[in-house]
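Bear in mind that the values here come from a model prediction, so they are computed numbers and not experimental data. For ligands, and for the atoms within them, numbers begin at 1 and follow the listed sequence. Values below: all heavy atoms of this structure, side chains included; hydrogens, waters and symmetry mates excluded.
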Amino acid sequence: MPIELFEMERMQSTWENIVDYDMSESGVRPLTLRELVDMGFDLESFLDTPLGYSQSNGTIALRERIAAGYPGASADHIEVTNGTSEANHLIALSQVRPGDTVAMELPNYMQMPGIARSLGATVRTFRLRLENGWQPDWDEFDRAVTPETRLLYLSNPNNPTGAVLDDDAMRRIADRCTETGTWLVADEVYLGAEIDRPRTKSFWGLSDRVIVTSGLSKAYGIPGVRIGWMIAPAEVAASCWAQHDYLTIGPNKMSDAIACVAVQPANRERCYARTRDILRRNLAIAREWVGGLDGRLTWREPEAGAIGLFKYTSDFPSVELAERVRTRQSTLIVPGAHVGLEGYIRVWLGGREEFLLEGLRRIGEELVNLP
Ligand SMILES: Cc1ncc(COP(=O)(O)O)c(C=O)c1O
């Protein structure tokens with residue numbers, strides 16, 4: 001079945017390298033290879049390493065290190081992938097069949113619906129409610145997740161709200177998936193990017209139906225190495241490996257080696273602390289910007305992640321607003337429509353201070369002129 005365009009990713013890949021201010025990103029400004037060398041990546045010895053194929057499901061060393069962060073997991077539960085997005089994709093390829101139902105929250109990073117529909121599944125959604133701190137609408141949730149639901153995808157912390165599910169919500173979601181026999185795919189790529197709250201809890205271990213996906217792209221700040229992973233029951237990890245053999249075979253050798261360094265607990269915490277530092281400073285800048293816009297924007301500040309999700313006070317369609325900002329200000333933002341929430345814009349808060357200030361200023365220029 002043909003696959004529909006992934007609107008947000010296509011918009012980003014078309015324009016992000018052309019505009020002056022790419023404010024459509026969602027992670028913190030990335031680390032350099034030099035910073036990874038400072039953390040212990042042995043570049044010198046890597047220069048003499050033959051660039052052959054790497055272990056296709058991730059080297060044992062990397063899988064063991066990742067598994068150590070998830071109680072009860074071993075290397076057999078891990079599949080290392082080319083980014084978190086490939087982990088999500090492999091899970092869908094291996095689990096979803098024509099006629100299945102796939103559930104997901106809205107708003108969301110909209111990768112899963114396109115994949116699910118291309119595999120012949122029907123997508124059911126439930127909303128996260130702003131008035132409820134972006135926790136799920138439980139009536140909608142109960143209707144979306146039933147014994148017919150093959151797979152439920154969510155991201156926690158969530159892209160784009162930056163909200164974190166509370167303990168009761170996590171328990172309720174996991175219990176429902178146990179009861180209905182639904183795979184709960186919890187995309188935790190923003191876990192560790194908390195700004196002023198305790199570390200987000202992982203879904204891992206809350207139900208034997210849980211599959212966690214994550215990677216180096218967001219909380220770690222290393223998207224360019226394209227390393228992600230899943231932690232899944234061993235038979236699910238094995239069936240995803242079978243898909244991986246056909247798709248990309250596996251991650252590249254240098255990325256695997258870099259990831260081996262990044263995921264060591266001390267380095268992981270160093271990356272998370274860097275992320276938190278950047279976000280704390282930038283959040284203050286964003287707060288001041290919103291305050292200066294005379295009520296044209298409202299928001300619930302993110303608890304985690306480098307994204308501001310702003311509601312604007314106009315009926316102007318978000319895609320047209322984003323287009324205005326791009327064409328008139330050479331600045332890229334994500335229209336709410338691309339993440340399942342019309343009337344909002346999604347703005348990157350993870351850049352350098354001077355970049356953020358100018359990017360926000362340009363967006364503001366268009367907001368004050370909205371009909
Ligand atoms: C929730 C979520 N999952 C996955 C991805 C893609 O991650 P990766 O770069 O690791 O493939 C993104 C990117 O924005 C995301 O927001």
Is the Y220 ring parallel, tilted or perpendicular to the W229 ring (thresholds 30°, 60°)?
perpendicular

Any chance the side chains of H89 and Q111 put a donor and an acceptor closer than 3.5 Å?
no

Whether the K218 and S26 side chains hold a donor-acceptor pair (N or O, under 3.5 Å, no angle test) is what I'd like checked.
yes

Test F6 against Y109 for ring pair (Phe, Tyr, Trp, His ring centres under 6.0 Å), laying out the working first.
CA-CA 10 Å; F6 188 168; Y109 176 64; 5.4 Å; yes

Worked verdict on Y344 versus F310 for ring pair (Phe, Tyr, Trp, His ring centres under 6.0 Å):
CA-CA 5 Å; Y344 286 74; F310 302 100; 9.3 Å; no

Which word best sums up how the rings of W204 and H77 line up, parallel for under 30°, tilted for 30 to 60°, or perpendicular for over 60°?
perpendicular

In a simple table, one pair per line, please give the protein and ligand 1 atom names for every N or O pair closer than 3.5 Å, along with the distance.
| unit_1 | atom_1 | unit_2 | atom_2 | d |
| --- | --- | --- | --- | --- |
| ligand 1 | 3 (N) | D187 | OD2 | 2.6 |
| ligand 1 | 9 (O) | S217 | OG | 2.9 |
| ligand 1 | 9 (O) | R226 | NH1 | 2.8 |
| ligand 1 | 9 (O) | R226 | NH2 | 3.4 |
| ligand 1 | 10 (O) | T84 | N | 2.8 |
| ligand 1 | 10 (O) | T84 | OG1 | 2.8 |
| ligand 1 | 10 (O) | S217 | OG | 2.7 |
| ligand 1 | 11 (O) | T84 | N | 3.2 |
| ligand 1 | 11 (O) | S85 | N | 2.9 |
| ligand 1 | 11 (O) | S85 | OG | 2.6 |
| ligand 1 | 11 (O) | R226 | NH2 | 2.9 |
| ligand 1 | 14 (O) | S26 | OG | 3.2 |
| ligand 1 | 14 (O) | K218 | NZ | 3.0 |
| ligand 1 | 16 (O) | N159 | ND2 | 2.7 |
| ligand 1 | 16 (O) | Y190 | OH | 2.8 |

